[in-house]
Amino acid sequence: MNYLISIWIALFLLLSMNAAADDRINQIKNQLNTLTTEMPGLEEKVQMSVSGVSIQEFMRGIADAHELNISVDPGIDQKIVNNFANATVSDVLIFVCKEYDLSINFIGSIMSIVKYDKPTPAVIPPPRREPIIKYDKANDQLTLDLKADSLHIVAKAITQKTKKNLVLASGVSPKLVSVYIEDMPFENALEKFGIANDLNISKTEDNFYLIDKIMADNTAATNPGSNKRGSSNKNSSAKTSPDEFGFEANSSSDISVTGTDIMISDVIKEVAAATGIDYYFVSEIKDKATVNVKSTTFQDLLNNLFQGTELTYELKNGIYIIGERKTEGLRNTKVIQLQHRSVEKLPEHIPGNIKQNVDIKEFVDLNSLILSGSQPQIEEIESFIRQIDKLVPVVMIEIMIVDYSNKRSNSTGIEAGLGEAPSTTGGTIFPEANLSLNSSSINDLIENFNGYGILNLGKVTPNFYFNIRALESQGILRVKSTPKLATLNGHEASMKVGNTEYYYEQTNNVITNTSTQNITTKSYKSVNADLSVKIKPFVSGDDQITLDISVSQSDFTEKIEPGAPPGSVSRDFTSHIRVKDQEMILLGGLEEKSIRESGSGVPFLSRIPVIKWFFSSRTREKARSKLNIFIKPTIIY
């Protein structure tokens with residue numbers, strides 16, 4: 001019966017292949033018929049006799065003679081020996097494709113002749129033969145009719161029918177067994193079954209039948225407990241040694257494996273054979289592992305075995321493709337789009353140990369990363385990226401800068417002398433006293449004093465003048481600015497406001513050659529005075545904000561002389577503080593005080609108390625400035 005089924009399957013495959021070939025030729029014929037309107041040369045007659053001509057030369061001759069666009073794959077190594085008379089170009093093309101297993105790809109008006117790739121016939125597995133196992137419980141007799149059946153399936157069927165437990169030692173599951181035994185006592189039947197298939201079957205103390213390979217020294221035949229391979233029996237006391245392991249595979253989702261320093265390839269082969277799982281090795285596997293897993297799936301078993309190795313797997317169409325991660329076919333490519341943060345410079349923050357052998361590219365247009373490498377490494381990197389791809393807080397920083405300046409000056413003194421011309425009397429008395437008297441006014445004043453006693457003062461010359469000055473001035477300047485800055489957590493926000501002044505600079509260069517030349521260069525150069533604030537916020541989990549603050553302020557001072565560059569004074573400070581959300585802080589209090597006194601007078605007399613006010617002119621200036629900065633951070637999202 002099985003022989004007839006195999007014949008029918010072979011005939012079916014043969015007919016399928018012939019039908020596929022006929023369909024290919026019919027498709028080419030229909031396509032050529034469609035193109036005859038655009039390319040009338042396909043209907044023209046061919047008169048040609050060739051012998052041993054390459055197909056490239058043959059097709060070139062037809063294309064030139066009938067004005068067709070024909071391209072032939074240079075990889076086709078085929079000689080043509082034929083004689084064509086009164087055959088159309090279409091018929092010749094169809095004949096060549098059918099005779100030499102070629103195909104035509106149509107690209108507009110171009111016909112490209114290529115090799116025909118025959119479709120791989122579908123493999124239909126032969127019908128599974130169920131082993132014939134019968135058990136007479138009343139007489140404890142067993143009947144076996146086995147022919148190349150899996151030992152794992154046979155042992156399971158015997159256990160189910162007889163209710164007597166047969167346990168397979170590690171490494172014997174893939175074995176195929178054959179035997180014919182009819183109505184023989186159970187233990188005798190097992191003994192003969194083992195002899196026929198080079199197996200050792202022994203009964204343990206707890207009434208389990210242990211099936212193992214026959215050892216070279218035959219020690220296993222006399223002592224089941226001396227088996228060096230791990231037993232699949234969970235209650236067995238046998239222990240595994242290096243390169244040996246024990247396993248129990250009830251199904252692909254219920255697998256238990258125990259072993260120390262065992263070959264990973266051996267475990268995969270035996271467990272896959274026992275569970276009927278298809279697999280394929282794409283590279284040689286030399287790695288070893290120590291494993292002890294209970295009731296796990298086949299995929300989880302592979303994940304555990306491949307930990308710390310360069311091995312990986314991929315499940316395609318029910319087949320496990322296993323090999324090194326760098327092997328073609330096991331590499332994977334994935335695009336990971338970020339939701340809350342920028343992709344720029346993100347690869348720099350991925351730990352080097354998990355991105356090794358993985359190609360990482362930034363795709364800024366989609367704010368994404370492109371990862372190419374093994375699937376386990378890609379999953380590990382993706383897990384890390386999802387952990388850091390969190391919502392980044394935005395911090396708004398309100399800054400209020402208050403610069404307070406108070407300046408007070410006193411100027412007193414009496415000044416008298418001779419001018420180049422007669423002066424005029426004038427000036428102010430209130431609110432400040434700054435009065436100038438000419439010679440006429442002074443002479444009138446002297447006239448009023450003359451005649452009192454012996455006092456008799458003479459007159460002054462017409463160019464004589466007399467100035468009296470007693471004034472006090474005060475100025476208060478308050479500057480207030482309230483800029484607002486916003487920045488992402490951990491990124492610096494900065495503000496800079498400044499003023500620029502220019503001064504004139506002249507340079508003279510003397511060049512001596514046959515004659516002396518004086519070259520004058522004039523230029524204006526700039527000097528800046530700025531207020532600069534830099535703040536970098538760091539938001540913690542409890543919405544507290546750590547601020548890294550740097551403030552720098554510079555101002556112009558008086559010039560030492562006209563045309564000179566302005567002087568400058570600067571104030572800088574830095575701070576590192578921690579505040580609550582929307583809490584205002586005060587930084588600064590940078591205070592500057594200055595006192596300046598200057599004066600002139602008659603030697604010696606200008607230093608005598610009281611009298612000095614009549615023989616000197618004095619100026620006293622007192623200034624004070626203070627800078628305060630208020631900062632209020634607010635977390636916004």
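Residues Pro537 and Asn489 come closest through the heavy atom pair O-OD1, 3.3 Å. Taking every heavy atom of both residues into account, Gly318 and Leu315 meet most closely at C-CD1, 3.7 Å. Nearest heavy atom pair, residue Val267 against residue Phe245, reads CA-CZ, 3.9 Å. Heavy atoms only, all atoms of each residue included: Val81 and Tyr100 are closest at N-OH, 4.0 Å. When all heavy atoms of Ile350 and Ile385 are compared, the closest pair comes out as CD1-CD1, 4.4 Å. Residue Val89 comes nearest to Gly41 through the heavy atom pair CG2-O, 3.3 Å, listed as atom of the first residue, atom of the second, then distance.
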Original post:
Between Ile268 and Leu302, is a side-chain contact (heavy atoms from CB on, under 4.5 Å) present by the stated rule, with each step listed?
Top reply: CA-CA 8 Å; Ile268 296 174; Leu302 293 182; 3.9 Å; yes
**OP:** Any chance you could lay out the side-chain contact (heavy atoms from CB on, under 4.5 Å) test for Leu346 and Arg341, step after step, and finish with the verdict?
**Re:** CA-CA 9 Å; Leu346 181 62; Arg341 62 181 305 125; 4.2 Å; yes
Original post:
Between Ile535 and Asp548, does a side-chain contact (heavy atoms from CB on, under 4.5 Å) hold up when you go through it step by step?
Top reply: CA-CA 6 Å; Ile535 302 177; Asp548 215 348; over 6 Å; no
**OP:** Report the C-alpha distance between Tyr320 and Gln299 in whole Å, list the side-chain angles of each, state the deciding distance to 0.1 Å, and finish with yes or no for side-chain contact (heavy atoms from CB on, under 4.5 Å).
**Re:** CA-CA 9 Å; Tyr320 286 87; Gln299 290 189 3; 3.2 Å; yes
**OP:** Check the pair Thr309 / Asp287 against side chain to side chain donor-acceptor pair (under 3.5 Å), numbers first and verdict last.
**Re:** CA-CA 7 Å; Thr309 70; Asp287 297 85; 5.1 Å; no
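The backbone N or O of Asp73 sits less than 3.5 Å from a side-chain atom of Gln56, completing a donor-acceptor pair. In this structure, the side chain of Asp389 engages the main chain of His340 through a donor-acceptor pair within 3.5 Å. A donor-acceptor pair under 3.5 Å links the side-chain atoms of Asn197 to the main chain of Phe193, judged by distance alone. When atom types are taken as modelled, the side chain of Asp149 and the backbone of Lys147 share a donor-acceptor pair closer than 3.5 angstrom. Between the Gln160 side chain and the Ala155 main chain, no donor and acceptor come within less than 3.5 Å of each other. Looking only at distances, a side-chain donor or acceptor of Ser90 sits under 3.5 Å from a matching main-chain atom of Leu42. For the pair Thr487 (side chain) and His491 (backbone), a donor-acceptor distance under 3.5 Å is present. Put simply, the side chain of Asp300 never gets that close to the backbone of Thr296: no donor and acceptor are under 3.5 Å apart. Side chain of Ser178 to main chain of Ala148: a donor-acceptor pair is present (N/O by atom type, distance under 3.5 Å, no hydrogens or angles). Of the possible polar contacts, one joining the Ser368 side chain to the Leu366 backbone as a donor-acceptor pair under 3.5 Å is found.
Under a cut-off of 6.0 angstrom, the local environment of OH in Tyr280 is sparse, with at most 12 non-hydrogen atoms contributed by other residues, nucleotides or ligands. In this structure, Glu67 places its CD atom where only 12 or fewer heavy-atom neighbours from other residues, nucleotides or ligands lie under 6.0 Å away. Atom CG of Asn30 sits in a crowded spot, with more than 12 heavy atoms from other residues, nucleotides or ligands closer than 6.0 Å. Surrounding NZ of Lys534 are at most 12 heavy atoms belonging to other residues, nucleotides or ligands under 6.0 Å away. Enclosure of atom NZ in Lys29 is not indicated, since only 12 or fewer non-hydrogen atoms of other residues, nucleotides or ligands lie within 6.0 angstrom.
Inspection of the Asn367 and Gln337 side chains reveals no N or O donor paired with an N or O acceptor under 3.5 Å. Looking only at atom types and distance, the side chain of Thr159 has no donor-acceptor partner in the side chain of Asn165 under 3.5 Å away. Counting only N and O atoms by type, the side chains of Ser251 and Asp254 include no donor and acceptor under 3.5 Å apart.
You'll find the side chain of Ile264 reaches within 4.5 Å of the side chain of Leu311, heavy atoms only. Contact of the Leu485 side chain with the Met495 side chain is registered, since non-hydrogen atoms from C-beta on lie closer than 4.5 Å. Two residues are said to be in side-chain contact when any heavy atoms from C-beta on lie closer than 4.5 Å; Leu142 and Ile133 meet this criterion. When side chains are defined from C-beta on, Val343 does not count as touching Phe363, because their heavy atoms never get closer than 4.5 Å. Between Thr88 and Lys45 the shortest side-chain heavy-atom distance falls below 4.5 Å. Residues Leu146 and Val154 form a side-chain contact, since some pair of their non-hydrogen atoms from C-beta on lies under 4.5 Å apart. In this structure, the side chains of Leu190 and Leu166 come closer than 4.5 Å at one or more pairs of heavy atoms.
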Please list, one pair per line, the donor and acceptor atoms closer than 3.5 Å that link side chains of residues 376-383 to other protein atoms, with sequence neighbours excluded.
from	atom 1	to	atom 2	distance (Å)
Gln377	OE1	Ser374	OG	3.1
Gln377	NE2	Gln356	O	2.6
Glu379	OE2	Gln375	NE2	3.0
Glu382	OE1	Lys334	NZ	2.8
Glu382	OE2	Lys334	NZ	3.3

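Rounded to the nearest 0.5 angstrom, Ile110 CD1 and Leu68 CG are separated by 12.0 Å. In this structure, Ser103 OG and Ile113 CD1 are separated by 9.5 Å, a value rounded to the nearest 0.5 Å. Rounding to the nearest 0.5 angstrom, the gap separating the CG atom in Leu32 from the CD1 atom in Ile104 is 5.0 Å. Note that the OH atom of Tyr135 and the NZ atom of Lys163 stand 11.5 Å from one another [nearest 0.5 Å]. Annotation: the span from Leu301 atom CG to Phe247 atom CZ amounts to 10.5 Å, rounded to 0.5 Å. In this structure, CD1 on Ile181 lies 9.0 Å from OG1 on Thr143, to the nearest 0.5 angstrom.
Every residue two or more places apart in sequence or in another chain that forms a side chain to side chain contact (heavy atoms under 4.5 Å, CB included) with Tyr180 is listed here: Asp145, Glu182.
Within the structure, every pair that satisfies the salt bridge (Lys or Arg N to Asp or Glu O under 4.0 Å) test and touches residues 48-57, not counting sequence neighbours, is listed here: Glu57-Arg60.
Ring geometry, Phe306 versus Tyr313: the interplanar angle falls from 30° to 60°, so the pair is classed tilted.
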